[in-house]
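The structure under discussion appears below in the form of structure tokens.
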Amino acid sequence: MAISAPSHADERACPTSSPPPVAVPAIKKRLTSNKEVLIVALGSSSTEGWRATTPANTYPARLQSDLGVAYPLAHFAVINRGIGGEDALEEMGRMDKDVISLRPDLVIWQVGANGAMAHSDPAVFRKLVSTGIERLKALNIDVVLMDNQRSPNILASPEHLVLERILSELAVQYRVSLFSRGALMDGWKREGANYDQFLSDDSVHMNDLGYHCTADALSSAIVAGLHAPDPPAIAKTTTPAVSSPASANPASGNPVANPTVHASK
């Protein structure tokens with residue numbers, strides 16, 4: 001469903017830690033052609049918005065609102081395709097119907113949380129996510145991978161670091177962007193904000209503030225990516241060396257019309 005304008009339930013200020021830009025060349029092309037931008041948020045309960053007080057306070061809803069503020073003359077539609085309890089296997093199974101059929105410009109794929117808590121086989125996880133990225137890139141759809149939040153139940157799983165590393169490696173291998181919620185929340189903690197300020201009482205999901213600050217940071221990363229210089233063309237070589245999650249973002253694109261700068265809310 002298309003997300004309506006949110007009634008923002010939690011307007012406390014977000015920490016100032018900023019993620020690196022994300023590469024969104026398809027969005028830049030749409031904006032420079034004055035066309036609607038369609039984003040699909042694929043994922044599990046973190047995308048669906050479990051423990052948000054209303055659907056308008058999920059991260060996809062907040063992202064649509066934030067991008068509309070940054071580009072008031074453009075039209076962004078963010079479609080929420082999160083289903084609680086799923087991970088890479090189930091999300092791959094519905095990618096054609098729920099994602100590709102919509103012909104999006106960008107897919108934000110939040111994946112790995114349920115896989116970590118269910119002790120998924122890392123090799124199977126890698127293959128599934130690789131296949132999904134390949135399908136999307138073959139259709140010239142921008143891809144942003146999103147890793148896990150720093151919640152107690154996820155941190156208690158030994159697999160969470162393995163799956164986060166796989167997402168970082170795949171971002172480098174396929175030259176797509178990684179929006180690391182883990183690195184983002186680590187940055188918030190370094191600023192003096194404890195993880196639990198952004199989490200609900202179920203030890204898994206974010207609260208309204210967590211979803212709001214995630215969307216705020218992601219919106220800023222998209223805007224920064226739209227204004228990043230074009231990277232030089234490179235010849236295909238062997239798989240590049242793995243970088244850290246914070247550096248696995250090949251932002252691209254010529255500058256588009258300057259956005260309205262909006263402060264963290």
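Everything numeric here is computed off the predicted structure, so don't read it as measured data.
Ile154 belongs to a hydrophobic cluster with Met117, Val204, counting contacts under 4.5 Å between side-chain heavy atoms of Ile, Leu, Val, Met, Phe, Trp and Tyr, direct or through other members. The hydrophobic cluster analysis finds Trp50 isolated: no Ile, Leu, Val, Met, Phe, Trp or Tyr side chain comes under 4.5 Å of it, directly or through other members.
For Lys35, the side chain to side chain contact (heavy atoms under 4.5 Å, CB included) criterion is met by Arg30, Ser33, not counting sequence neighbours. With sequence neighbours left out, Glu134 forms a side chain to side chain contact (heavy atoms under 4.5 Å, CB included) with Tyr174. Under the salt bridge (Lys or Arg N to Asp or Glu O under 4.0 Å) criterion, Asp196 pairs with no residue, sequence neighbours left out.
In this structure, Arg51 and Asp202 have side chains that are in contact, with non-hydrogen atoms separated by less than 4.5 Å. Between Val40 and Val78, every side-chain heavy-atom pair lies at or beyond the 4.5 Å cut-off. For the pair Val111 and Met146, the minimum side-chain heavy-atom distance is 4.5 Å or more.
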Enumerate, atom names and distances included, each donor-acceptor pair closer than 3.5 Å involving a side-chain atom of residues 121-128, sequence neighbours excluded.
unit_1	atom_1	unit_2	atom_2	d
Asp121	OD1	Ala123	N	2.9
Arg126	NH1	Glu169	OE1	3.1
Arg126	NH2	Glu169	OE1	2.5

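No chain of hydrophobic side-chain contacts below 4.5 Å, direct or via other Ile, Leu, Val, Met, Phe, Trp or Tyr residues, connects Ile166 to Leu161. Both Leu102 and Val143 are part of a single hydrophobic cluster, where members link through side-chain heavy atoms under 4.5 Å apart. In this structure, Ile83 is not a member of the same hydrophobic cluster as Ile108, with clusters built from ILVMFWY side-chain heavy atoms closer than 4.5 Å.
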Report task. Output, in order, the C-alpha distance, side-chain angles, deciding distance and verdict of side-chain hydrogen bond (donor to acceptor under 3.5 Å, both in side chains) for Ser45 and His205. Result -> CA-CA 8 Å; Ser45 53; His205 299 97; 2.6 Å; yes
